[in-house]
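Keep in mind the model is a prediction, meaning the values are calculated, not measured. We're numbering straight along the sequence, starting at 1.
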Amino acid sequence: MAAPFEELDPLLHSQLRLAVMSLLLGVREAEFTFLKEKTGATAGNLSVQLGKLKDAGYLSMTREMNGSYPLTRCAITPQGVTAFDAYVQALQRYLKPPESA
């Protein structure tokens with residue numbers, strides 16, 4: 001009997017969090033405004049989802065002031081890269097499950 005499908009990482013299975021991680025993989029670091037523009041998310045929703053990814057150790061955030069404006073930068077962590085790679089591999093197994101014996 002074929003092994004059951006493994007559970008997908010619920011943190012990465014969210015469309016917005018997956019989009020953020022995909023963007024960060026390509027640039028390694030991005031400003032909040034860049035992520036907001038590229039994902040089309042509201043500032044509030046994006047902030048909450050970034051917090052969840054940060055709490056999981058998938059990304060790091062730095063906050064500073066740029067004149068009178070806050071500037072938040074996000075960067076994917078090695079743990080985030082590993083989690084993303086595992087998620088993609090699991091999805092690939094869903095798309096092409098092993099043939100039953």
Side-chain angles (χ1 to χ4, degrees):
M1 177 157 61
F5 289 101
E6 63 191 272
E7 185 177 335
L8 297 173
D9 183 336
L11 268 170
L12 297 179
H13 205 55
S14 156
Q15 182 178 349
L16 179 53
R17 291 188 297 259
L18 183 61
V20 166
M21 294 294 285
S22 297
L23 288 166
L24 290 176
L25 271 171
V27 297
R28 294 293 175 174
E29 181 179 84
E31 292 181 11
F32 182 88
T33 53
F34 171 83
L35 295 173
K36 183 177 172 289
E37 177 184 306
K38 293 295 184 185
T39 62
T42 64
N45 190 20
L46 181 59
S47 181
V48 168
Q49 302 312 319
L50 290 176
K52 290 180 181 185
L53 291 168
K54 180 180 180 281
D55 291 346
Y58 291 179
L59 62 80
S60 62
M61 290 173 40
T62 57
R63 291 186 175 109
E64 58 189 60
M65 293 301 288
N66 183 14
S68 60
Y69 297 99
L71 179 63
T72 301
R73 288 191 181 98
C74 300
I76 196 164
T77 64
Q79 181 181 347
V81 172
T82 299
F84 187 87
D85 287 343
Y87 181 82
V88 169
Q89 289 172 12
L91 272 180
Q92 288 172 339
R93 288 190 287 278
Y94 270 78
L95 297 173
K96 188 173 181 182
E99 295 181 27
S100 56

**Point-to-point distance, once rounded to the nearest 0.5 Å, from CG of Leu91 to NZ of Lys96** = 15.5 Å

**Request:** Working to the nearest 0.5 Å, report the span between CE of Met21 and CG of Leu16.
**Result:** 12.0 Å

**Asked** Of Leu12, Leu46, Ile76, Leu25, which is the lone residue that meets side chain to side chain contact (heavy atoms under 4.5 Å, CB included) with Val20?
**Response** Leu46

**Message:** For a 4.5 angstrom cut-off between non-hydrogen side-chain atoms, does Leu50 reach Leu35?
**Reply:** yes

**Fill in**
Output for pair (Leu18 CG, Thr39 OG1), nearest 0.5 Å, gives 12.0 Å

**Asked** At their closest point, which heavy atom of Cys74 faces which heavy atom of Met61, and how far apart are they?
**Response** SG-CG, 3.7 Å

**Prompt:** Is any side-chain heavy atom of Leu71 less than 4.5 Å from a side-chain heavy atom of Met65?
**Reply:** no

**Message:** Would you say Gln89 and Asp85 are linked by a side-chain donor-acceptor pair, where the criterion is simply a distance under 3.5 Å?
**Reply:** no

**Request:** Return the minimal non-hydrogen interatomic distance between Arg17 and Pro10, and the atom names on each side.
**Result:** NH2-O, 3.3 Å

**Item:** Hydrophobic cluster identity match, Val48 and Phe32, side-chain contacts under 4.5 Å
**Value:** no

**Request:** Identify the two heavy atoms, one from Ala75 and one from Leu24, that lie closest to each other, and give their separation to 0.1 Å.
**Result:** C-CD1, 4.3 Å

**Request:** Indicate yes or no for a side-chain donor-acceptor contact from Thr77 to the backbone of Ser60 under 3.5 Å, with no hydrogens or angles considered.
**Result:** no

**Request:** Rounded to the nearest 0.5 Å, what's the gap from CD on Gln49 to OG1 on Thr42? Could you check?
**Result:** 9.0 Å

**Message:** Quick check: do Val81 and Tyr58 have side-chain heavy atoms less than 4.5 Å from each other?
**Reply:** no

**Request:** Nearest 0.5 Å please: distance from the CD atom of Glu7 over to the NE2 atom of His13.
**Result:** 10.0 Å

**Message:** Within this structure, what is the CG-CZ distance for the pair Leu59 and Arg73, rounded to the nearest 0.5 Å?
**Reply:** 15.0 Å

**Prompt:** Taking atom CD of Glu64 as the centre, does the number of heavy atoms from other residues, nucleotides or ligands within less than 6.0 Å exceed 12?
**Reply:** yes

